[in-house]
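All chains are named by letter (A, B, ...) in the order of the sequence lines, taking the proteins before the strands, and each is independently numbered beginning at 1.
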Amino acid sequence: MSVRADRRISIATVTLFFVALWAIFQFVFPYHLAFKERYVLFMSDTSWLATYFTKPAPVSFILGDWLTQFFLIPGIAALVTTLLLMLSWAGFRFLLAAIPNVQYPALWALLPTALLALLLLSPEVPLAVLVGTCLFVWFFGAAFRIPGRLLRYVTVVLLAVLLVPTARSLNATARVEKPGLEREYDYRIHFKANAGRWNIVEKMGRRNPYESLVTAYYYNLSQARAGRLPDGLFKAYQPTWHGLFIPVKPGVECFKLMASTDALYLAGDYAQAQHSAMLGMTFSPRQRSAAMIKAMADIAFANGDYDTARRYLTMLSKTALYKKWAQEGLQLLDTEADRLAIKNDCRDILVQHNDYRVSLTNIAATSSHGKTATDYLLCLDLLDKNLAQFRRDYDALYKGKYDAVSVPVLYQEALLMTFDENTSPAVQLTEYGIARSTLDNCTEFLKGNEKPFRTSYWFYHKYAQPAQ
Amino acid sequence: MKRWLFHIVVVLILASCARDGAFRETGSTPPMLPDYTDITLPVNLAPLNFQLEGASALWLEIEGSRSYCFKTSSAKMRFPLRKWKEMLRQEAGNTLQLTLTARFGRENRRYAPFSWTVSPDSIDRYLSYRLIEPAYEVWNVLSIEERDLESFKTRLLADNTTVESTCINCHTANRGNGIQTSFMHVRGAKGGTLYSRDGQLRKLNTATDSTAGAAVYGEISADGRYGIFTTADIRPILHSGRFDKLEVFDASSDLILLDFEQGTVTDSPLVKGSEFQETFPCWSADGKTVYFCRAAARPQPDSTFEMHYDLYSIAFDPETGRLGDTLTRVVDAANRGKSVSFPKCSPDGQYILMTVSDYGTFPIWHSETDLWLYEIATGALFPLETVNGKYSDSYHNWSSSGRWICWASKRDDRLYGKPYFAHVGEDGTVSKPFVLPQRDPGRYRVTLKSYNIPELYRFPESYDAAYVSRFYTEMEAEKMTYTK
């Protein structure tokens, strides 16, 4: 084959490789890349930048983190990562071309580039790995071209010595995970929820093709947010009560720790929400996360804890993408702190973390913003198939408070199952506002005609198995 | 020619401190970060670097026995170390008057003068603290650093990433002027208590079959031979209210006495058992009394809000190594609806500094926690109004001279603790507190770590994080034995 033909094949292969790579990043795993943003906090502040210089590879991390913060913008993650990979590939090619007798350096250079691309699909692997690789391969390539033999060897050895701690630092705390479509779906729904795209969250939750716990969790969040948690509960996959809250316990991956904050915040359990957000940041690869700082600022606002809020807002005001939000928050604190609504007005009690029942009961009973917590509590009882507890909670926290207009069908269905056999059914039906249609459906279901009632509580109670 | 040159140089030096153009008098002291206005500082402290946000240049004129001038063309004033030390040495015992002028855009603002009193009382040269996220009961990466207070040098004493991410805590040194002795607990399967005395390091297993567990909170006697500690079953739990985040209670707690020379652990029926909970013991200055906190045991967490710890004392005989046979209630905090924690005796034997909160035993998360001083001779107990901040002030200790106190304060944002210092005069008056100076004065605003358990001591520790790693993985612990 002629040199020109070789060259054409090389150019075509390389072009195809990078187009395919970009397409995979952009259309198959965009949220694997975007999730890197959750593990980054980049402040345009000299004191903050100075903290990078206390650890190896400061330049790689500064450049990497600066770029990563823009991964929140759709399309940027795929574009930046592909461009940096192209730069790395060019560096590898430059390096291989400096080594005698290496044929097709452009093609060989694709191998490490592909490995890097695969590695970068792990959200915990920082973009600094790619930036650092770029710098090193170009430096090595240049070092191999130094004319003097001794100087060349010394430079290469020095670079190699520098490479070891840097490489260790770049990948020290990152957990490498296999990219997957199910996880991509979870990341996507997380981002859609955080962006307030609740209609998309709801649609994704209804589909939930992988029967994912995280997707079910965000679906429930979308329903609770709209005030229809009981109405929408069985319109999507429910991994029993595990779709309501994500427990915070040792070994839970950082992504789930971060996600667990959202439902707690919505339910008004600000103590556990803050606990989750703080742990989400603590267990992130480098113990920093702008997203979790934003969550903690939100929680501090809800608590009326303005000194804490100010601390976090001041930090976020030095970031590129949270700046506007933070500055608005700071302005609110400066001008209207006295008039801001404090959402947390529940009684102070002591709660073990993950003890949702105790916490929700307290919020439902003592907070003036307790409706969402009440719905979460009742749905928790129902998904846990604890009908006796449901009835107690309903009587204590829902009845007479939220049932004036109508009672959600789900609660009606469950209440029917709790009725006292010794009390007149008519009295109970009236007392609990059970609709005629619910009673008729129940009769049908009991006759064995179950198919039309697959989204009823009766069906769930009869057939649902404990989630693994 | 030489004479002319000399005059030109003198004029240039004098002119260098002159401010450019006119200035506007603000009438108020500068909003410097950290706040170092009107404080008393030790003669041997590192430069009090500060920043004035938004400024593009700063001029600081200092009038003492001599005049000094410092300039910078940024918002951060970083004093040259040598000039700073020379100034403090020269001005020991004097009160300096400082005038700061700052440039904002085209405007120069001149702030009202403030003062620095340079105390001739030196502060212990070293400070250790734990750096940890305020992440409640769980940690990921934490470390213990040693800071040279005469400069900005820091050294890692322990890093939990080298000891299987286990918890490392309570680096504590003895008080007084004897041989420096300290301990630090390294938890985990291969952990132990690191006992450091005059460069000799030992790994101790303080748990015995006859006591409730390993040593937790405690102190080493001034001579370094004895240690008085708590064995506590510590449980964290969350608050649901607006401000307090975490409660920590002891399901049970007793006191144990360690004799490091004999390798023994002993106790007394007066300070153990399930009827009362005893915690946070400390030695009196003469080493003949142990002070500690004590409360009637109640079921927790149900009764945590009703737990009120009083301050008690029990005699100790250093000759026999035995605790006495009577308990004395020193401070009846419960009667005031309060609870005391962390008593620490001043080295001159005059005072006990403690934290006072509304209830419970672990007040670092209680916003209302303040430092109170107890005068032993008179029995007077009062809050230190000059030093207490808006939020929790706790984990205090005395310098070996007794002229300085250091503690962790969350006064700025409720969450992140920072080490604060204040001078204690011979008459017990306490000066306005100031935060540990940093090379970069903006550091506290960007850090995501809390400075936890600041501890003053005189000499650098004889180990570092690399040693602690070997200590954990390679060394066998000496098992201490229980004696009645």
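For A:Thr314, the part lying under 4.5 angstrom from a heavy atom of chain B is the side chain only. In this structure, chain A has no heavy atom under 4.5 Å from any part of B:Arg235. For A:Ile293, the part lying near chain B is the side chain, with the backbone staying farther off; criterion is any non-hydrogen pair under 4.5 Å. Using a 4.5 Å cut-off between heavy atoms, B:Tyr391 contacts chain A through its side chain alone, with no backbone atom that close. In this structure, no portion of A:Tyr270 lies under 4.5 Å from any heavy atom of chain B. Looking at A:Arg347, the atoms closer than 4.5 Å to chain B (heavy atoms on both sides) all sit in the backbone: N, CA, C or O. Using a 4.5 Å cut-off between heavy atoms, B:Thr161 makes no contact with chain A at all. Interface remark: A:Tyr306 contributes no atoms to any contact with chain B (heavy atom separation under 4.5 Å). Within the 4.5 angstrom heavy-atom criterion, only side-chain atoms of A:Ile342, from C-beta onward, approach chain B. At a 4.5 Å heavy-atom cutoff, B:Asp302 makes no contact with chain A through either its backbone or its side chain. For A:Asp305, the parts lying under 4.5 angstrom from a heavy atom of chain B are both the backbone and the side chain.
Across every non-hydrogen atom of A:Leu350 and B:Phe305, the tightest pair is CG-CZ, 4.0 Å. When all heavy atoms of A:Met315 and B:Leu448 are compared, the pair lying nearest together is CE-CD2, 3.6 Å. Taking every heavy atom of both residues into account, B:Asp413 and A:Asp307 meet most closely at CB-O, 3.9 Å.
Here CZ of A:Arg286 is found 13.0 Å from CG of B:Asn140. Values are rounded to the nearest 0.5 Å. To the nearest 0.5 Å, atom OG of residue A:Ser47 and atom NZ of residue B:Lys76 are 2.5 Å apart.
No side-chain heavy atom of B:Arg414 sits under 4.5 Å from any side-chain heavy atom of A:Asn303. Under the 4.5 Å side-chain criterion, counting only non-hydrogen atoms from C-beta, A:Met281 is not in contact with B:Glu133. A:Gln272 has its side chain within reach of B:Leu238: a pair of non-hydrogen atoms, C-beta onward, lies under 4.5 Å apart. Residues A:Arg311 and B:Leu415 fail the side-chain proximity criterion, which asks for heavy atoms closer than 4.5 Å.
Heavy-atom contacts from other residues, nucleotides or ligands closer than 6.0 Å to CD of B:Glu306 number more than 12.
Although no hydrogens or angles enter the test, the distance criterion places a donor-acceptor pair under 3.5 Å between the side chain of A:Asp348 and the main chain of B:Ser240.
Here A:Gly304 is the residue among A:Ser359, A:Ser367, A:Gly304 with the most heavy-atom pairs under 4.5 Å with chain B.
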